[in-house]
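A short worksheet on the structure shown next.
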Amino acid sequence: MAKKKNNVYLVETAPGQMKKFTNWPDCQAFVKGKPYRFAGGVDEAEARAKISGGAPAKQAKSSKGGWSGGGKATSDKPKNNYYLVEIEPDQYKTFTRWSDCQSFLKGKKLPYAGGVTEEEAKAKIERTRDMQLKYRDREPQGGGKKGAAVGSRPSEGICSDAGTHGNPGPCEYQVCDLKGKRLAYKHLGVHTNNYAELAGIEAMIEVAVTRGETILWTDSQIAMGWIKSGRLGPTVKEPEAIMVFVRSIQALLKKHPNLELKKWHTKQWGEIPADFGRKG
RNA sequence: ACAU
DNA sequence: CGATGT
Ligand SMILES: [Mn+2]
Ligand SMILES: [Mn+2]
């Protein structure tokens, strides 16, 4: 199979209104948690066709199947045959062509969804109505008050961090207490930054177990995500080795339920004490 | 965009 | 400025 690379990503922010992205991360970040339709394609026409062809407004959360094998933003979805617009509670207008639905929707802020059957579309509206209404009005504003507040600098626990010379490059990790005292250190050979962060977390857990520590800090959103989800994206280097670390860490955390792996908020608290101090 |  | 990742 020839690899057709997606070059363009379109997001339908409002009926008929497309936002264009030329890279997947930007598109993904924008669409995250929102009910927008989106699709990728070799060119804009292909992406648009996919959206119009009935790519369902799936939650950008995660596509559980085939994600690791692919590298494609869109996958085989059944074609939508019905498009419902919720005019009033429990009253729907039905369309059989997306373009008609789109015209009707123009300038309105009504919940809508497509589905292979009317029942499916109706159910989808039910599931996504809140988010649709919430985001429909809010496009101009960038400020959303989300996420737990970040408190003050922690005083409890231990931390790990990675250091590299080039990325990928010769790398190392260290585990420290919150005053910066080194508790463990290792050279790792040539790997990526995220590989080293992950290796450091595993070492940090071992240290925590032997020392009776329970709060474990890392600044790596990526490593934390791998551990929590148990899954890697299609672009990850050394995926087999990474997954060995991931499963090992998951097993350790399961075996020691008292351990808490937490995100170190560098912006608020300054560099994590295990940092190698090479950025400046 | 976010985290490195 | 470059790279690793969601
Ligand atoms: Mn780090
Ligand atoms: Mn660091």
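Convention: sequence-line order gives letters A, B, ...; per-chain numbering from 1.
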Sorted by number, the residues of residues 157-175 of chain A with heavy-atom contact under 4.0 Å to DNA chain C:
A:Asn167, A:Pro168
Would you say the ring centers of A:Phe104 and A:Phe95 fall short of 6.0 Å from each other?
yes
So which nucleotide from B:rC2, B:rA1, C:dG5 ends up closest to the side chain of A:Pro25?
B:rA1
Does OP1 or OP2 of B:rA3 have a side-chain N or O of A:Lys267 closer than 4.0 Å?
yes
Could you give the NZ-to-C1' distance, from A:Lys262 to B:rA3, as a whole number of Å?
18 Å
Quick one: is A:Trp226 getting a side-chain N or O under 4.0 Å of the C:dT6 phosphate, OP1 or OP2?
yes
Length of the CD-C1' vector between A:Glu197 and C:dT6, whole Å
15 Å
B:rU4 phosphate, OP1 or OP2: any side-chain N/O from A:Lys263 under 4.0 angstrom?
yes
Decide yes or no, distance alone: a donor-acceptor N/O pair under 3.5 angstrom between the base of B:rU4 and the side-chain of A:Asn193.
yes
Might you confirm whether atom NZ of A:Lys186 has over 12 heavy atoms from other residues, nucleotides or ligands at distances under 6.0 Å?
no
Whole angstrom is fine here: how far is it from CG in A:Leu198 over to P in C:dT4?
16 Å
Check the distance between B:rU4's P and A:Trp264's CH2 and give it to me in whole angstrom.
11 Å
For residues 172-179 of chain A, which side-chain donor-acceptor pairs fall under 3.5 Å, sequence neighbours excluded?
unit_1: A:Glu172; atom_1: OE1; unit_2: A:Tyr185; atom_2: OH; d: 2.3
unit_1: A:Glu172; atom_1: OE2; unit_2: A:Arg278; atom_2: NH1; d: 3.0
unit_1: A:Glu172; atom_1: OE2; unit_2: A:Arg278; atom_2: NH2; d: 2.2
unit_1: A:Gln174; atom_1: OE1; unit_2: A:Arg182; atom_2: NE; d: 2.9
unit_1: A:Gln174; atom_1: OE1; unit_2: A:Arg182; atom_2: NH2; d: 2.8
unit_1: A:Gln174; atom_1: NE2; unit_2: A:Ala274; atom_2: O; d: 2.8
unit_1: A:Asp177; atom_1: OD1; unit_2: A:Lys179; atom_2: N; d: 2.8
unit_1: A:Asp177; atom_1: OD1; unit_2: A:Gly180; atom_2: N; d: 2.9
unit_1: A:Asp177; atom_1: OD1; unit_2: A:Lys181; atom_2: N; d: 2.8

Please list every donor-acceptor pair under 3.5 Å in which a side-chain atom of residues 214-225 of chain A meets a protein atom from a residue at least two apart or in another chain.
unit_1: A:Trp217; atom_1: NE1; unit_2: A:Glu156; atom_2: O; d: 2.9
unit_1: A:Thr218; atom_1: OG1; unit_2: A:Ser220; atom_2: N; d: 3.1
unit_1: A:Ser220; atom_1: OG; unit_2: A:Ala223; atom_2: N; d: 2.9

Taking only the side-chain nitrogens and oxygens of A:Thr192, find out if one of them lies under 4.0 Å from OP1 or OP2 of C:dG5.
yes
